[in-house]
Amino acid sequence: MILERRAVGPFFKNGFVIGCEDTRQGVVIDPGDDVDELLAAVAHHKLTIGSILLTHAHLDHVTGVAQAKHALGAPVWLHKDDNSLYEHVVRFYQGQEPLRFGNYQVRVLHTPGHCPGGVCLAIAKDTTAGKEAKDTKEILFVGDTLFAGSIGRTDLPGGNIDTLLRSIRTVLFAFPDDTIVWSGHGEQTTIGREKRTNPFLIG
Ligand SMILES: [Zn+2]
Ligand SMILES: [Zn+2]
């Protein structure tokens, strides 16, 4: 898996470029003020981007959407419960069909709480692709649902702490302990580490 992360001020929100090393197809996740850096990473890896995926529609995660869409010509995907800003220009995740790029698939998991339409993206090589077993373990891109040592804020419109904790416990903690987690801000962590050490989630 090709994985590039960029984060720039003032928000230091993580934007990602994920690519299939076999086919050079890819996706961009949460293009914000880092959009120039993300587009440079796309060009560097010679990727063809088929989708722009949003974990949610908060400002810091979407300021680069228009530029990314213009540069890449790819559709923008968002959960329908977060549609207020982008109602007319996005496609909505729906049903259980994973999105695909190259030999990888993206499972979209609805994880409300930080905001109504928050989703987590579980990305791994599609095992039916018949390739080597590498990269068949899902990596999670969780937006602002869960952070290393913290959880998403719930004081913004549509936020709810009980809903957020339920999303984390029932959806994210169902993944194996060694699952890598990339949050919308900060460094990567794992499901097991957060289960054991996250002060909002232990006990
Ligand atoms: Zn947010
Ligand atoms: Zn954020």
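Both ligands and their constituent atoms are indexed starting at 1 by order of listing.
Between Lys125 and Glu21, at least one side-chain nitrogen of the basic residue sits less than 4.0 Å from a carboxylate oxygen of the acidic one, meeting the salt-bridge criterion. Between Glu194 and Arg196 no salt bridge is recorded (no basic side-chain N to carboxylate O distance below 4.0 Å). Ion pair Asp178/Lys137 flagged as a salt bridge, since at least one NZ, NE, NH1 or NH2 atom sits closer than 4.0 Å to an Asp/Glu carboxylate oxygen. Contact check on Lys13 versus Asp34 returns a salt bridge, with a Lys/Arg side-chain nitrogen under 4.0 Å from an Asp/Glu carboxylate oxygen.
Here His56 fails the criterion, with no N, O or S atom under 2.8 Å of the Zn ion (ligand 2). Among the atoms of Cys115, no N, O or S atom falls under 2.8 Å of the Zn ion (ligand 1).
When the Zn ion (ligand 2) is compared with the N/O/S atoms of Asp60, atom OD2 turns out nearest. The minimum distance between the Zn ion (ligand 2) and any N, O or S atom of Asp144 involves atom OD2. Among heteroatoms of the N, O or S kind in His185, NE2 lies nearest the Zn ion (ligand 2). The atom name of the N/O/S atom in His58 closest to the Zn ion (ligand 1) is ND1.
At least one test fails for Lys80 against the ring of Tyr93: distance under 6.0 Å to the centre or angle within 45° of the axis.
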